[in-house]
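Below is one structure, written out as structure tokens; comments come after it.
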There are 2 protein chains.
Amino acid sequence: MEIRSKFWIEIDQEPAFGRGRRFLLEAIDTHGSINQAAKEINISYRKAWSYIKTMESRLGIKLVERYVGGRNGGGAFLTDEAREFLEKYKIMEEGLREIVDERFRHVFHR
Amino acid sequence: MEIRSKFWIEIDQEPAFGRGRRFLLEAIDTHGSINQAAKEINISYRKAWSYIKTMESRLGIKLVERYVGGRNGGGAFLTDEAREFLEKYKIMEEGLREIVDERFRHVFHR
DNA sequence: CTGCCGCTATGCAAAAAAGCCATAACGGAG
DNA sequence: CTCCGTTATGGCTTTTTTGCATAGCGGCAG
């Protein structure tokens with residue numbers, strides 16, 4: 001028996017950003033490619049792509065700059081706005097899980 | 001733009017108890033009927049029924065005592081174990097949402 | 001002693017959502 | 001001017017969720 005918790009940002013009652021999308025952006029930053037990033041965090045390219053699409057449309061910010069063609073097909077990188085947003089989100093999420101876990105243990109175990 | 005949070009208890013990686021199920025049990029306690037309870041929290045009887053089924057099976061506790069037939073068809077009421085569990089859960093959840101919201105405001109708005 | 005009523009119980013179909021496969025376009029390098 | 005790995009999407013498939021339909025129950029009114 002264990003506690004689970006989840007946090008996300010909504011805009012107009014629709015999910016716009018959460019932990020999974022955070023990891024996706026971080027992986028894009030590392031690899032310079034949506035495709036590689038998706039592989040790393042174990043989701044399909046299709047899913048990564050629609051994550052980005054909804055994020056950008058709901059937040060109203062361009063997050064990922066993409067280019068296509070060239071020696072190795074193309075690639076993607078984060079915009080400054082994306083990095084800024086990511087940073088804020090990380091600060092917010094930091095330690096939240098631990099607070100929840102601690103409470104759970106306190107009440108249910110001893 | 002707003003933060004949302006969700007907490008639930010899992011057993012064997014499967015959801016066993018959360019906010020919705022908490023409301024359901026509370027409503028059953030108030031109304032003495034699964035059917036009425038479901039109406040109050042705006043879910044179908046079918047759904048309420050399967051909530052209870054999975055809760056009981058995963059927690060391994062009898063939560064809702066039911067009887068059928070009689071003048072007004074039948075009814076349901078909570079077991080002592082259910083009340084006990086509910087109480088613990090409420091203590092745990094109490095204020096958690098507020099902590100999350102506060103953090104969000106602090107980082108994103110000011 | 002029989003029919004009625006509101007409840008529990010559950011199978012099964014329909015709808016919705018999520019996931020995935022296939023295919024097009026792109027453009028620098030060899 | 002072909003090849004390669006990427007972005008970009010349409011739509012099909014699979015899974016999950018929802019809810020409709022129907023059966024059984026048993027006091028009580030008549």
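These numbers come from a predicted model, not from an experiment. Convention: sequence-line order gives letters A, B, ...; per-chain numbering from 1.
In this structure, B:Arg22 forms no cation-pi arrangement with B:Tyr89, as its terminal cationic atom is not both closer than 6.0 Å to the ring centre and no more than 45° off the ring axis.
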- Message: Pair B:Ile9, A:Arg4 - check side-chain contact (heavy atoms from CB on, under 4.5 Å), show working.
- Response: CA-CA 6 Å; B:Ile9 290 172; A:Arg4 300 257 293 140; over 6 Å; no
- Task: Would you sort out whether B:Val100 and A:Ile99 count as a side-chain contact (heavy atoms from CB on, under 4.5 Å), showing the intermediate values?
- Result: CA-CA 10 Å; B:Val100 176; A:Ile99 291 174; over 6 Å; no
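Between the NZ atom of B:Lys62 and the P atom of C:dT8 there is a distance of 13 Å, rounded to whole Å. In this structure, A:Lys47 places its NZ atom 18 Å from C1' of D:dT9, rounding to the nearest Å. Protein atom CG of A:Asn42 is 10 Å distant from nucleotide atom P of C:dC20, rounded to whole Å. Straight-line distance from the CH2 atom of A:Trp49 to the C1' atom of C:dA22: 15 Å, rounded to whole Å. Rounding to whole angstrom units, CD of residue B:Glu56 and C1' of C:dT8 are separated by 13 Å. C:dA18 atom P lies 9 Å from atom OH of A:Tyr51, rounded to whole Å.
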Write out a two-atom table: protein N or O, nucleotide N or O from nucleotides 26-30 of chain C, distance below 3.5 Å.
| unit_1 | atom_1 | unit_2 | atom_2 | d |
| --- | --- | --- | --- | --- |
| C:dC26 | O2 | A:Gly69 | N | 3.3 |
| C:dG27 | O4' | A:Gly70 | N | 3.4 |
| C:dG27 | N2 | A:Gly70 | O | 2.8 |
| C:dG27 | N3 | A:Gly70 | N | 3.2 |

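Contacts between residues 27-39 of chain A and DNA chain D, defined by a heavy-atom separation under 4.0 Å, are made by A:Ser33, A:Ile34, A:Asn35, A:Gln36.
With D:dG10, D:dT18, D:dG19 as the candidates, the nucleotide lying closest to the side chain of A:Arg46 is D:dG10. With distances taken from any side-chain atom of B:Tyr45 to the nucleotides C:dT8, D:dA8, C:dC20, the minimum falls on C:dT8.
Considering all non-hydrogen atoms of both residues, A:Leu59 and A:Ile11 come closest at CD2-CD1, 3.5 Å.
No continuous path of hydrophobic side-chain contacts links A:Trp8 to A:Met55 [ILVMFWY only; heavy atoms under 4.5 Å]. The same ILVMFWY cluster, assembled from side-chain heavy atoms under 4.5 Å apart, contains both A:Met1 and B:Phe7.
For A:Phe17 and A:Phe85, the gap between ring centers is short of 6.0 Å.
Looking at B:Arg103 and A:Glu94, no side-chain N of the basic residue comes within less than 4.0 Å of a carboxylate O on the acidic one, giving no salt bridge.
OP1 or OP2 of C:dA9 has at least one side-chain nitrogen or oxygen of B:Arg66 nearer than 4.0 Å.
For the salt bridge (Lys or Arg N to Asp or Glu O under 4.0 Å) test with A:Glu93, the passing option among A:Arg19, A:Lys6, A:Arg21 is A:Arg19; the others fail.
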